Amino acid sequence: MIKEIIKLGKILISDKILRYKLRYRYFTDSIENKGTNNKAVIVYPDGREENITYIEGLNIQFIGNNNIFKLYHPLPKFINCQIQMINDAEFILHESKYTLKNFIVWRMRKGSKLEIGKDFSCVGVEFALHGEDNLQVHIGENCMFSHDIYIQPTDNHAIIDKNTMQPINFGGDILIGNHVWICPNVHIHKNVTIADDCVVGTCSIVTKSINEEGCVAVGMPAKVIKRNITWSRSSAPDYIIRGFN
């Protein structure tokens, strides 16, 4: 019996490691430019721009033309990050003192834009901007994202009304406010706004806007369960000792 339990434990651990490796593939630190008129720059506080040639932990792929990629200095630490841009897309990441790990943006299409405010951090997040043109995701300042987070402003595949034979599930922009904490295994879907100072709990699916500031929302779909809160990057005991940060 004990041997069977140990064997099962080894299988479960191996499966978890395999799924992690499949989800977070390891990318080469490089800039791959397969198109023309693409711009990748670091923007310094004085407004000066410097072309990006290499950043450790970051893979940038220009698959098409006329893309704009901007990082504002000082830069975060990148670990296993990749951004793919097709045509006429724009990516802006403001300065951060934190780390971006397993940050992945899939094939930004024409007219799409992803902008993230200063002091953003994440352990694992994927942005699916490859389903439709002209979709935008905006994330405010001082946001903290955990792991296995999926942000999807489009369903990627059409749902058809049989009476009209027309699609009924077009995509829509996502707006996440300032000082928002997204916990592990959260999915955020199209046409959603999350207000400032909110926490979205583990394994939640956000399909409707969370318009109240300073609340906790959890569930499938996510609903507000607690109001009049804020949060800190410190643990509860450390917060008592050191105060808010």
Side-chain angles (χ1 to χ4, degrees), residues 39-50 52 55 57-58 60 67-79 81-85 89-106 108 111-129 134-147 149-153 172-184 186-200 204 206 209-217 222 229-234 244-245:
K39 179 180 181 180
V41 296
I42 297 172
V43 182
Y44 290 90
D46 61 3
R48 177 172 52 91
E49 294 186 354
E50 178 182 305
I52 297 173
I55 294 178
L58 177 61
I60 306 168
N67 297 292
I68 297 173
F69 181 95
K70 288 185 178 181
L71 302 177
Y72 281 79
H73 196 274
L75 305 183
K77 179 180 180 180
F78 294 99
I79 300 175
C81 299
Q82 184 186 66
I83 294 94
Q84 299 174 335
M85 309 176 77
E90 186 175 9
F91 176 91
I92 299 172
L93 176 66
H94 291 270
E95 64 270 24
S96 180
K97 56 191 174 187
Y98 299 111
T99 297
L100 273 66
K101 184 177 182 180
N102 299 317
F103 177 96
I104 301 168
V105 184
W106 298 115
M108 296 177 70
S112 62
K113 181 176 181 178
L114 172 56
E115 182 169 8
I116 300 175
K118 68 180 182 180
D119 289 334
F120 173 81
S121 66
C122 69
V123 181
V125 57
E126 296 183 28
F127 297 84
L129 285 158
N134 302 311
L135 292 175
Q136 299 194 14
V137 175
H138 292 268
I139 299 172
E141 298 181 356
N142 195 21
C143 290
M144 183 174 70
F145 284 28
S146 187
H147 59 82
I149 294 164
Y150 199 69
I151 297 180
Q152 184 175 354
D173 298 343
I174 293 173
L175 175 62
I176 299 173
N178 298 317
H179 197 239
V180 173
W181 172 15
I182 308 295
C183 296
V186 169
H187 283 215
I188 300 174
H189 290 272
K190 61 188 179 182
N191 292 313
V192 158
T193 295
I194 300 176
D196 295 348
D197 225 22
C198 286
V199 178
V200 180
S204 296
V206 185
S209 292
I210 303 168
N211 292 315
E212 298 181 51
E213 294 186 9
C215 70
V216 177
I229 62 96
T230 187
W231 60 273
S232 169
R233 291 177 183 263
S234 299
F244 192 86
N245 65 30

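Along the sequence shown, the residues carry numbers beginning at 1. A quick note: this is a predicted structure, and the numbers were derived from the prediction, not measured.
- For K113, the NZ atom counts as densely surrounded, since its 6.0 Å shell holds more than 12 non-hydrogen atoms of other residues, nucleotides or ligands.
- Shown here are the side chain to side chain donor-acceptor pair (under 3.5 Å) partners of Q82, two or more places apart in sequence or in another chain: N59, Q84.
- You'll find the side chain of L175 stays beyond 4.5 Å of the side chain of D173, heavy atoms only.
- For S146, there are no side chain to side chain donor-acceptor pair (under 3.5 Å) partners two or more places apart in sequence or in a different chain.
- The CD1 atom of I139 lies 9.0 Å from the SG atom of C122; values are rounded to the nearest 0.5 Å.
- Among residues two or more places apart in sequence or in another chain, the salt bridge (charged side-chain N to carboxylate O under 4.0 Å, His left out) test is passed with E212 by R227.
- Partners of N211 under the side chain to side chain contact (heavy atoms under 4.5 Å, CB included) rule, at least two apart in sequence or in another chain, are T193, S209.
- When side chains are defined from C-beta on, F145 counts as touching I176, because their heavy atoms get closer than 4.5 Å.
- The distance from atom SG of C81 to atom CD1 of I104, rounded to the nearest 0.5 Å, is 8.0 Å.
- Take V192 and apply the side chain to side chain contact (heavy atoms under 4.5 Å, CB included) test, not counting sequence neighbours, and it matches I188, I194, V206.
- Every residue two or more places apart in sequence or in another chain that forms a side chain to side chain contact (heavy atoms under 4.5 Å, CB included) with C183 is listed here: W181, V199, T202.
- Rounded to the nearest 0.5 Å, atoms CD (E126) and CD1 (I151) are 10.5 Å apart.
- Heavy atoms only, all atoms of each residue included: L135 and G172 are closest at CD2-N, 3.7 Å.
- Here the side chain of N178 pairs a donor or acceptor atom with the backbone of E141 at under 3.5 angstrom.
- Scored by the salt bridge (charged side-chain N to carboxylate O under 4.0 Å, His left out) test, K118 finds no partners at all (sequence neighbours excluded).
- Ring geometry for H94 versus Y72: interplanar angle under 30°, hence parallel rather than tilted (30 to 60°).
- Checked against side chain to side chain donor-acceptor pair (under 3.5 Å), E49 has the following partners two or more places apart in sequence or in another chain: K39.
- A donor-acceptor contact shorter than 3.5 Å is absent between the side chain of D197 and the backbone of E213.
- For the side chain to side chain donor-acceptor pair (under 3.5 Å) test, residues two or more places apart in sequence or in another chain that qualify with H138 are Q136.
- In this structure the side chain of I210 reaches within 4.5 angstrom of the side chain of C215, judged on heavy atoms.
- L71 contributes atom CG, which lies 10.0 Å from atom OH of Y44 (distance to the nearest 0.5 angstrom).
- Looking at every heavy atom in both residues, V123 comes nearest to H147 through CG1-CB, 3.9 Å.
- The side chain to side chain contact (heavy atoms under 4.5 Å, CB included) with F103 is formed by just one residue from the set L93, I83, I149; it is I83.
- With rounding to the nearest 0.5 Å, the separation of CG in L58 from CG in L75 is 9.5 Å.
- Here E115 contributes atom CD and E90 contributes atom CD; the two are 7.0 Å apart, rounded to the nearest 0.5 Å.
- For the pair G177 and C143, the tightest heavy-atom approach, listed with the atom from each and the gap, is O-SG, 3.1 Å.
- Judged as a ring pair (Phe, Tyr, Trp, His ring centres under 6.0 Å), and not counting sequence neighbours, the contacts of F69 are F91.
- Residues P153 and L129 have side chains in contact (heavy-atom distance under 4.5 Å, counting atoms from C-beta outward).
- Of the possible donor and acceptor atoms, none in the side chain of H179 sits under 3.5 Å from a partner among the backbone N and O of G214.
- Here D119 pairs with S96, K97, Y98, N142 under the side chain to side chain contact (heavy atoms under 4.5 Å, CB included) rule; sequence neighbours left out.
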